[in-house]
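Below is one structure, written out as C-alpha cells; the observations come after it.
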Amino acid sequence: MAGIIDIHNLDVHLGRGKDAVHAVRNVSFSVKKGESFGLVGESGSGKSTVLRAISGLYKNFTGKINIDGKVQNQHKGVDFYKNLQMVFQDPYASLHPRHTVDQTLSEPLQIHKLDQVEKRIRTALERVGLGLNFRFRYPHQLSGGQRQRVAIARAMILEPRILLLDEPTSALDVSVQAEVLNLLTELRIEYNLTYILVSHDLAVVAYMCEQIAVMNQGQIVENLSKDQIMKSNATERYTQQLLAASKGYDRDAAGKLLQF
Amino acid sequence: MSLIQQITEMYTPLLNVENLNVEFRNHAGKSIHAVRDVSFSLGQERLGIVGESGSGKSTVGRSILSLIPTSAKIKANKIALNGVDLLKLSELEMRQFRGNKISMIMQDPKHALNPVMRVGDQIAEAFRLHNRIGRAKAKQKVLDILNDVQIRDPERVFRAYPHELSGGMGQRVMIAMMLIPGPDLLIADEPTSALDVTVQMQILAIIDDLVRDKGMGLIFISHDLNLMASFCDRILIMYAGRIVEECRASELSQAKHPYTKGLLACLPTVENSDQKLTTLNRDPAWLE
Ligand SMILES: Nc1ncnc2c1ncn2[C@@H]1O[C@H](COP(=O)(O)OP(=O)(O)OP(=O)(O)O)[C@@H](O)[C@H]1O
Ligand SMILES: Nc1ncnc2c1ncn2[C@@H]1O[C@H](COP(=O)(O)OP(=O)(O)OP(=O)(O)O)[C@@H](O)[C@H]1O
Ligand SMILES: [Mg+2]
Ligand SMILES: [Mg+2]
C-alpha cells in the first residue's frame, strides 16, 4: 500500500464495561493522494468513528493509521492538524454557540499563525456562498445550512491537504450542495487534495468518489467502484438492499427490509 | 377548481395557516423578513416543504408551535389546529398543545436532547408524562420504542448519554420521543438527514402508518427532493420566505416554477457524473 492515507486492521472500542462497543472492526483501506474515497453504510456502523480515529481523536485504537507515510500517533504537531481537517457531522455541536462566524474563522488562523487574516476570511466566506453580512452573526442566527457552510469554511481556511468530510452536505439544500460539491471538486484538482467523504446520499458519493467502502456493524462489507454504485451492481446482499432503498420511499419495500 | 384544490378539499383541514409573516432582528437591528404571506392548510396527509437554505422552512414550523424568539415579530390572520386559533392561546395552553397535540422533530436532534441525562430516562420521562405506568413498565416500553426505530442494542442505548450516540441514532431517539404523545400534528424538520436509506425507509414507514391509520397530519421538511417526491402527498416550495409553488408530490419532476426546476437540475445523477453540477441562477423576478 502506498496511499497518502493507509489504514490497516483498525479496531476501535468505545464505552466501558457492559456498555463497551466494538465500533470499528478490522477495517483496512488505502486512499491515494488526490483521490476521493467514500464511506457509506448503516447508521451507527462506525463511519464517523473511523474519521475521528484518523484525525487523532482516539488514543486507544489498535491497528495502523499511516498518514503521508508517517504513523499517525507519532507526529500530531500543529502541522498535522493544519494538513488534515475534518468537517464534523453535526454543525450544531461543532460551532461554539457564543462565537460569531468571524471568531470561528479567525481562531484557526491565529493558532497556526497565518497572515492576511482579513483576506482569508473574506475568501473563505465567499467560497461557501455566504455573504459578508453573515460575518458577525452567531450560530443561533443562522439556518441549518448556513451553519454547515461556516463549518466547511472553517476547515478549508487552513488550506489542508487532506479533508475528512462527515456528511458535509446533508444539511444543505441541493443548490448549495451543488455549489459545495463543485467547490470541493475544484479544490481537489487545483491543490491535489485528498478526501474521505461520509454520506448517506449514494448519488453524492458516486458523484464525488472513485472508490467506496460499504460499512455494516463496524466492518467494511464490500468495496465498490463509482461505476458499480451507479449501475447498482453489488455482490453483498446488504449493499444490494442499500442500493435498492436509495431509489425512494416504498411502503411495501419498507416492510420487507432485512437486518444484516 | 384545480386538481390540487380538489384533493385538498377531500381532506378535513386539520391545520390552517393564513398569511403568516415572521420578522427577525439581527445584531444591528436590521430586520430579516424570514416568512412572507405564507398560507396553507393541511389535512390528514403528508405535506412536504422544500426550498433552499434560509428560505424560512424551519421558521414556519416553529411559528406553528410559537417557538420563535420574543424579539421576533410574528403575525398571521390565523394558525388554527382543529379550529382552535393557536395565536390566541395563553403560554400555558400553548405548552399543553405542544406536549400533546403537536410534536416537532427539530433539525438539530442532539441539541433538543438533554446532554447530561441518560437517553432511556429522557424517553421514559416523556412516556410517563403521557401514560400512567410504573418505572419497570416504562422501561420496557422505551426498549420497545427503541427497537421500533431500528436501534440494534436498545439496552445499551437506554443507558447511553446523547454524545455516545451516532448522528443517526440521536435522530432516531428524537423521533421516538416525539411520537410518544400520539400527536394530531407532527412537524418533522429534516428528521432523517443522518440516516442511511434503509433505516430511513423503516422510520418513514412508522410515520406513514400513523398518517394512514391514526389520521395524523404531517409537515415534512427536507432537502431530499427524490425522497419528498416518493414519500409525500403534496409539496410546497419556498423561496425567500414565500411559497412560490405547490404541487402533487408525484408530479414534482414536472414542476413549473423556474426556481423548482432549477433545484431539480442541481442534483447529481448518473448522467452528469463527469460534469460540473448545475447551480442555481437566482432571478430577481422570483422575489415578486
Ligand atoms: N463516545 C462514545 N461512547 C460510547 N459509544 C460511542 C461513542 N461514540 C460513538 N459510539 C458508538 O459507536 C458506534 C458507531 O458510531 P458512529 O458515530 O461511528 O456511527 P456512524 O456510522 O457515523 O453512524 P451515523 O451514520 O448514524 O452517523 C455506535 O454504536 C455509537 O453508539
Ligand atoms: N433567531 C434568529 N435571528 C435572526 N435571524 C434568524 C433567526 N432564526 C432564523 N433566522 C434567519 O431567518 C431565515 C430563515 O431561517 P430558517 O431557519 O427558517 O431557514 P430554513 O429554510 O429552515 O433553512 P435550512 O434549510 O438551512 O435549515 C434565515 O435567513 C436565517 O438566517
Ligand atoms: Mg456519523
Ligand atoms: Mg431549517
Side-chain angles (χ1 to χ4, degrees), chain A residues 14-15 18-19 21 40-49 89-90 92-93 136-138 141-146 149 166-167 170-179 181-182 185 200-204 206-208 217 226 230-231 241-242 245-251 253-255 257 259, chain B residues 24 26-28 50-55 58 107-108 110-111 150-153 156 159-160 163-172 190 193-202 204-205 208-209 223-227 229-231 262-264 266-270 272-273 276-280:
Chain A
L14 298 168
K18 64 179 171 182
D19 290 331
V21 194
V40 304
E42 194 177 69
S43 165
S45 63
K47 304 178 296 296
S48 298
T49 307
Q89 183 170 8
D90 182 356
Y92 295 91
F136 296 101
R137 287 209 204 171
Y138 290 94
Q141 295 170 321
L142 301 171
S143 77
Q146 290 159 350
R149 282 186 266 174
D166 200 350
E167 297 279 359
S170 70
L172 302 180
D173 68 82
V174 293
S175 65
V176 183
Q177 168 173 285
E179 284 164 22
L181 295 183
N182 283 342
T185 306
H200 288 306
D201 189 329
L202 298 180
V204 166
Y207 180 81
M208 294 294 289
Q217 297 212 71
K226 181 201 239 4
M230 292 202 285
K231 296 196 173 116
Q241 180 173 283
L242 191 72
S246 73
K247 305 275 184 273
Y249 178 76
D250 176 341
R251 181 65 188 86
L257 291 170
Q259 193 171 79
Chain B
F24 292 108
N26 72 2
H27 59 99
V50 302
E52 66 183 346
S53 175
S55 60
S58 300
Q107 200 171 355
D108 46 348
K110 288 199 185 158
H111 205 75
Q150 308 297 322
I151 297 283
R152 277 180 186 265
D153 31 14
R156 168 174 71 91
R159 291 186 296 266
H163 76 271
E164 294 170 331
L165 304 181
S166 78
M169 288 159 79
Q171 241 174 9
R172 284 179 272 165
E190 297 279 0
S193 61
L195 297 179
D196 66 273
V197 285
T198 43
V199 170
Q200 167 174 272
M201 187 120 98
Q202 288 163 311
L204 290 180
D208 193 6
D209 292 350
H223 289 306
D224 189 334
L225 299 177
N226 291 326
L227 179 69
S230 57
F231 178 67
L263 284 182
L264 289 163
C266 293
L267 291 172
T269 61
V270 174
N272 67 12
S273 74
K276 224 176 132 159
L277 291 170
T278 309
T279 53
L280 201 62

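Nothing here was measured: the structure is a model prediction, and the numbers come from that model.
- Heavy atoms of Tyr138(A) lying under 4.5 Å from chain B are absent altogether.
- The two atoms that bring Gly51(B) and Asp173(A) nearest to each other are O-CB, 4.0 Å, heavy atoms only.
- The contact between Leu267(B) and chain A is made entirely by side chain atoms (from C-beta outward), counting heavy-atom distances below 4.5 Å.
- Interface remark: Ile151(B) contributes no atoms to any contact with chain A (heavy atom separation under 4.5 Å).
- Of the two parts of Ser55(B), neither the backbone nor the side chain holds a non-hydrogen atom closer than 4.5 Å to a non-hydrogen atom of chain A.
- Looking at heavy atoms from C-beta onward, Ser43(A) lies out of side-chain contact with Gln171(B) at the 4.5 angstrom threshold.
- For Val40(A), no part lies under 4.5 angstrom from a heavy atom of chain B.
- Using a 4.5 Å heavy-atom cutoff, the side chains of Lys247(A) and Val197(B) are not in contact.
- Both the backbone and the side chain of Gln146(A) come within less than 4.5 Å of a heavy atom in chain B.
- Neither the backbone nor the side chain of Ala229(B) comes within less than 4.5 Å of any heavy atom in chain A.
- Atom-to-atom distance recorded for Asp19(A):CG and Leu14(A):CG is 12.0 Å, nearest 0.5 angstrom.
- Of the two parts of Asn272(B), the backbone and the side chain both hold a non-hydrogen atom closer than 4.5 Å to a non-hydrogen atom of chain A.
- For Leu172(A), the part lying near chain B is the backbone, with the side chain staying farther off; criterion is any non-hydrogen pair under 4.5 Å.
- Of the two parts of Ser170(A), the backbone and the side chain both hold a non-hydrogen atom closer than 4.5 Å to a non-hydrogen atom of chain B.
- If you measure heavy-atom distances from Thr185(A) to chain B, you find no contacts under 4.5 Å at all.
- Remark: side-chain polar atoms of His200(A) are paired, donor with acceptor, to backbone N or O of Ala194(B) under 3.5 angstrom.
- When atom types are taken as modelled, the side chain of Glu52(B) and the backbone of Val176(A) share no donor-acceptor pair closer than 3.5 angstrom.
- In this structure, the portions of Arg156(B) lying under 4.5 Å from any heavy atom of chain A include both its backbone and its side chain.
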Run the side chain to side chain contact (heavy atoms under 4.5 Å, CB included) check on Leu263(B) and Ser175(A) step by step: do they pass? CA-CA 6 Å; Leu263(B) 284 182; Ser175(A) 65; 4.1 Å; yes

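- Within the 4.5 angstrom heavy-atom criterion, no atom of Ala206(A) approaches chain B.
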